[in-house]
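Below is one structure; the comments refer to it alone.
The structure presented is a predicted model; accordingly, all values stated were derived computationally and were not measured. Proteins come first, then strands; the chains are lettered A, B, ... in the order of their sequence lines, and each starts at number 1.
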2 protein chains.
Amino acid sequence: MDDETAPQKGTVTQRAIERIKAMIAEGRLEPGQRLPTERDLAAQLGISRSSMREAIRALTVLGVLEARHGSGIYVTRLEAGDLLETFGVVADLSRGPRLVELLEIRRILESTATALAAARISGDELAEVEKHLAAMNATEDPEEIIAHDLAFHRVIAVAAGNETMAAILEGLSSRTFRARVWRGYQEEGAFARTRREHAAIHRALAAHDPEAARAAAAAHVGEVEQWLWAQLGPQDMPGARGAVAT
Amino acid sequence: MDDETAPQKGTVTQRAIERIKAMIAEGRLEPGQRLPTERDLAAQLGISRSSMREAIRALTVLGVLEARHGSGIYVTRLEAGDLLETFGVVADLSRGPRLVELLEIRRILESTATALAAARISGDELAEVEKHLAAMNATEDPEEIIAHDLAFHRVIAVAAGNETMAAILEGLSSRTFRARVWRGYQEEGAFARTRREHAAIHRALAAHDPEAARAAAAAHVGEVEQWLWAQLGPQDMPGARGAVAT
DNA sequence: GCCACCTGAGTGGTCCGACCACTACGAGTA
DNA sequence: TACTCGTAGTGGTCGGACCACTCAGGTGGC
């Protein structure tokens, strides 16, 4: 009903966004290709440069386009990582019960990804997993631990052979998200438990045992999930006023 | 550390986006709340209205803000559905091997969601599932079938009790995505098979049998997955690692 | 008294033109 | 040949003007 073909539907900018998206979807614009200048594009669609800039900005934050100052506007590679960067925004802006939901999704995907990785992981990838595991255990700096923890799981997700899933999991473990949740979690002396869980995951990967890997990963994320749930059960999180029973 | 806190990092617009996002993350802007006018906001951050408009447009497409012509700018409810609308863009712009990856993710999430739903689904929800199932079988109009198919799975996802997962699954089954893939799939006379699979899912839900529900849902999505894989098999077989039966 | 209508201030939407900051390429030079 | 440096062209920012729409408050009729 609200589909194209009609003279005009929403705002001019919105139409411009759809037009460019359509051009990419139809293959008239290839990944990496350079677009005409803002001025030319605006003229082509018969709109002002301001409106065209808003459309470009919108597609930029969506990871579809990339603007290089002084050079031009380009279509991104359109790979999973480019497009799913916005997933981090969801994680950053979620609070309360939705955080638990996000962790539940991560548990489901991460456990499956780890199981797949156990079956497919190569020697090189396994070595990289071990590298991050060792680095994680060799320092006490929270920042460094989080960084290697992230990389640890990323290697596994990639080894699972699904780039899109790896990108989603990366968004679900974004720096700020992890920092927010883990700050409290780790303060309760969860370091030792985390190390044990990571070791269990590594063991299952090395043994190429998918079921053990699935269980270990599920337990790993599940621990955080349970803790977070308990956190906002009795009292809501600090900063937010009052538990909202929507 | 990674930024100089004081002077400036990226573009003016980018900074404005971060500022507003931060205001929301810190709770200084509540869901549903109205923001100052574009002109005031621009003045507050010391930037031009044009740049502020680009920032607002960016946050609008991300589902964080909502602009109502003549009324004002408001923070959305910030619920999963609002923020994950952009997920549909990923599905719409993905082609070739990435489509299979997306279907694999949908298979994983959908099977788990269906299993959860089997355990939790209420009588009312089950009735709604049956309603869409009947409507789906009562027509030959592809558009209508797709609509009820979508609603069928949506009810199940909601019954699983994870709104975020339901929103993601909705994005993975967006109208255009489904239309693109299913056009070819259904042309091969998959109607009968689809009906049988839907019936199996419903049966498992009615019996409150999670394992049967998981299997039925996985098979349902897996069928499309296999078909799609075969479609682009002969043409391009990129550097994916060996096929592993899951 | 009540309700429909109208008006106007205020808001987002669009356009324009100017200038700045940066990149890329090629002419000029050593 | 290799390097430097200018410059045309690009995205980034700004300010102002006007249009399209919403909504509250007043106005008029009933």
For [X] and [N], give me the distance from atom [atom1] to atom [atom2], rounded to whole Å.
X	N	atom1	atom2	result
Ile17(B)	dG12(D)	CD1	P	12 Å
Met52(B)	dG15(D)	CE	C1'	15 Å
Tyr74(B)	dC21(D)	OH	P	17 Å

Exercise for review: Determine which pairs satisfy ring-ring contact (aromatic ring centres under 6.0 Å, His included) with at least one residue from residues 150-172 of chain A, sequence neighbours left out, and list them in order.
Suggested key: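 Output for this query lists Phe152(A)-His198(A), His153(A)-His198(A), His153(A)-His220(A).
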With the criterion being N/O to N/O and under 3.5 Å, what pairs connect the protein with nucleotides 12-14 of chain C, and how long is each?
{"from": "dG12(C)", "atom 1": "OP2", "to": "Glu38(B)", "atom 2": "N", "distance (Å)": "3.1"}
{"from": "dG12(C)", "atom 1": "N7", "to": "Arg39(B)", "atom 2": "NH1", "distance (Å)": "3.2"}
{"from": "dG12(C)", "atom 1": "N2", "to": "His69(B)", "atom 2": "NE2", "distance (Å)": "3.2"}
{"from": "dG12(C)", "atom 1": "N3", "to": "His69(B)", "atom 2": "NE2", "distance (Å)": "3.3"}
{"from": "dG13(C)", "atom 1": "OP2", "to": "Arg53(B)", "atom 2": "NH1", "distance (Å)": "2.9"}
{"from": "dG13(C)", "atom 1": "N7", "to": "Arg49(B)", "atom 2": "NH2", "distance (Å)": "2.9"}
{"from": "dG13(C)", "atom 1": "O6", "to": "Arg49(B)", "atom 2": "NH1", "distance (Å)": "3.1"}
{"from": "dT14(C)", "atom 1": "OP1", "to": "Val12(A)", "atom 2": "N", "distance (Å)": "2.3"}
{"from": "dT14(C)", "atom 1": "OP2", "to": "Thr13(A)", "atom 2": "OG1", "distance (Å)": "3.2"}

Exercise for review: Under the salt bridge (charged side-chain N to carboxylate O under 4.0 Å, His left out) rule, collect the residues that match up with Asp92(B), sequence neighbours excluded.
Suggested key: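 Per chain and number, Asp92(B) pairs via salt bridge (charged side-chain N to carboxylate O under 4.0 Å, His left out) with no residue.
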Give the table of side-chain donor-acceptor pairs shorter than 3.5 Å for residues 65-75 of chain B, with sequence neighbours excluded, one pair per line with atom names and distance.
{"from": "Ser71(B)", "atom 1": "OG", "to": "Tyr74(B)", "atom 2": "OH", "distance (Å)": "2.7"}

Ignoring hydrogens and angles, write down the donor-acceptor pairs under 3.5 Å from the side chains of residues 157-172 of chain A, residues two or more places apart or on other chains.
{"from": "Asn162(A)", "atom 1": "OD1", "to": "Thr164(A)", "atom 2": "N", "distance (Å)": "3.1"}
{"from": "Asn162(A)", "atom 1": "OD1", "to": "Met165(A)", "atom 2": "N", "distance (Å)": "3.0"}
{"from": "Asn162(A)", "atom 1": "ND2", "to": "Glu101(B)", "atom 2": "O", "distance (Å)": "3.4"}
{"from": "Asn162(A)", "atom 1": "ND2", "to": "Glu104(B)", "atom 2": "OE1", "distance (Å)": "2.8"}
{"from": "Thr164(A)", "atom 1": "OG1", "to": "Glu101(B)", "atom 2": "OE1", "distance (Å)": "2.5"}
{"from": "Glu170(A)", "atom 1": "OE1", "to": "Arg154(A)", "atom 2": "NH1", "distance (Å)": "2.8"}

Contacts under 3.5 angstrom, residues 125-135 of chain B side chains, donor-acceptor by atom type, not counting sequence neighbours:
{"from": "Glu125(B)", "atom 1": "OE1", "to": "Ser122(B)", "atom 2": "N", "distance (Å)": "3.0"}
{"from": "Glu125(B)", "atom 1": "OE1", "to": "Ser122(B)", "atom 2": "OG", "distance (Å)": "3.2"}
{"from": "Glu130(B)", "atom 1": "OE2", "to": "His202(B)", "atom 2": "NE2", "distance (Å)": "2.9"}
{"from": "His132(B)", "atom 1": "ND1", "to": "His148(B)", "atom 2": "ND1", "distance (Å)": "3.1"}

